[in-house]
Amino acid sequence: MAHPISQGFPLPLPPADPALPLGLYIHIPFCERKCPYCDFNTYAGLQARFTQTVDALCRELEEWAAPLAGRPITSVFVGGGTPTVLDAGELARLFETIRRCYWLAPGCEITCEANPGTVDRPKFHLLRDLGVNRLSLGVQSFQPEELAFLGRIHGVEDVYRAFDAARAAGFANINLDFIFGLPHQAPAAWADTLAQALALGPEHLSLYSLIVEPNTPLRHWVDSGQVDAPDDDEAGALYETALERLAAAGYVHYEVSNWARTTAPPNGDQSDNPTYACRHNLLYWRNQEYLGVGPGAHSHLRLVGPQGETVSRRWSNRKPVPSYAQRVLRGASVVDFSEELAVRVSMGETMMLGLRLVREGVAFARFERQHGADLRQVFADEVARLVAWGLLEEDAARVRLSRRGLMVGNQVFAAFV
Ligand code: SF4
């Protein structure tokens, strides 16, 4: 039976294969205040839209339940935006809908993003009660002046309070997000931020360099000369510092921007990645399947083509919150971009994304399972050239970035797309 949310798709889904991992992403498009560097599809001042948007998210989740029946969900990621701006009733409704509509695989990783300025102990207890087993806190810096520059609503003390409250509520898998490469960022300030982060002992760390995105206040400040642009060489040096400090503290660098601890309990991911690697993000990096619900959310699923062949399709939902919610609630499609991926494009994306996994890289066996072709033949020229330049390493099982390749990753990835 056709269902209205996916009516933009002429193709059915293939028979359910419970062995294939499938992630669920839920986009909460709200924040208390918009940070000047952020280009995510998220808005401040829309409190009046919370209820209707949660209604729409629940409806979209319900609509997708039948087509995805029989597919166990291996990870759920509630992100945004700032999911924790929603109140207890709204969060409860969302999680109740997920559990009612989907089969969550045993050990399913359920992540919720939170802003240290929007959480307290009762909210963390609520998230635990709702089944969230991984928390991702947007800390960004331990330097008050950097937090002010980034326009964050929280201070350093809020981070300590939030982290302690999360641990007290029982979170045993916590990620902390940081941003480095701010204009003229002092190396000593970055080293101090890393030291304070490590002292807390989170299971996972994500470190992203500051990017000046189009159509943001930061872009305007840089273009008008109010703020200097971030410097790539300075950011590279700060990244090297992070590589050293985190390795010395026992964190495993498993993705270009991500580190994790390896101590038990195992998260069930059979790979070279550390125990606390983010399973949901591993789906993206392995070019696997995920359904995204919410305004602007992206999805990637394998569907059945006219000759019975499997085709990869990705799509995104319309971004404006009011029209997303109104259309979902009247049963109309919210897809505003959709494309079928040519086989060669999909293979290139598997390389571009998979090479971000600095330990795992792209395994020949996984590539063959996913595309029915031998990576060593499809990309023979590209791999030979990049190995000769010292940017890729190849062994009997995989290709992956060399240390030199890691420092110029974007140039390596571009060779495949
Ligand atoms: S809190 Fe996060 S999602 Fe919200 S505006 Fe700031 S950076 Fe963007």
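Fair warning: this is a prediction, and the values are worked out from it, not measured in the lab.
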**Q.** K34, NZ: over 12 other non-hydrogen atoms inside 6.0 angstrom
**A.**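 Result for NZ/K34: enclosed.
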Q: Kindly check if the number of other-residue, nucleotide or ligand heavy atoms within 6.0 Å of OH (Y284) is above 12?
A: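 Yes, because the 6.0 Å sphere around OH of Y284 holds more than 12 heavy atoms from other groups.
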Salt bridge check: are [X] and [Y] linked by an N-O gap of less than 4.0 Å?
{"X": "D120", "Y": "K123", "result": "no"}
{"X": "R286", "Y": "E255", "result": "no"}
{"X": "R403", "Y": "E240", "result": "yes"}

Return the minimal non-hydrogen interatomic distance between [X] and [Y], and the atom names on each side.
{"X": "R99", "Y": "G131", "result": "NH2-CA, 3.4 Å"}
{"X": "W103", "Y": "G70", "result": "CZ3-O, 3.6 Å"}
{"X": "G294", "Y": "E60", "result": "N-OE1, 2.9 Å"}
{"X": "T53", "Y": "F30", "result": "OG1-CZ, 3.4 Å"}

[Y] versus [X], side-chain donor and acceptor atoms under 3.5 Å:
{"X": "Q143", "Y": "T193", "result": "yes"}
{"X": "S338", "Y": "R314", "result": "no"}
{"X": "D39", "Y": "T216", "result": "no"}
{"X": "Q140", "Y": "E146", "result": "no"}
{"X": "T350", "Y": "H371", "result": "yes"}
{"X": "Y25", "Y": "H27", "result": "yes"}

Q) Is there side-chain contact between P295 and P29, with heavy atoms separated by less than 4.5 Å? A) yes
Q: Classify the ring geometry between F142 and Y160 as parallel (under 30°), tilted (30 to 60°) or perpendicular (over 60°).
A: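 Taking Y160 first and then F142, their aromatic rings sit tilted (interplane angle of 30° to 60°).
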(Q) Before we go on, tell me: are the rings of H204 and Y254 under 6.0 Å apart, centre to centre? (A)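 Centroid distance H204-Y254: below 6.0 Å, so yes.
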(Q) Using side chain to side chain contact (heavy atoms under 4.5 Å, CB included), reason through V383 and R376 one step at a time and then give a plain yes or no. (A) CA-CA 8 Å; V383 169; R376 287 161 291 195; over 6 Å; no
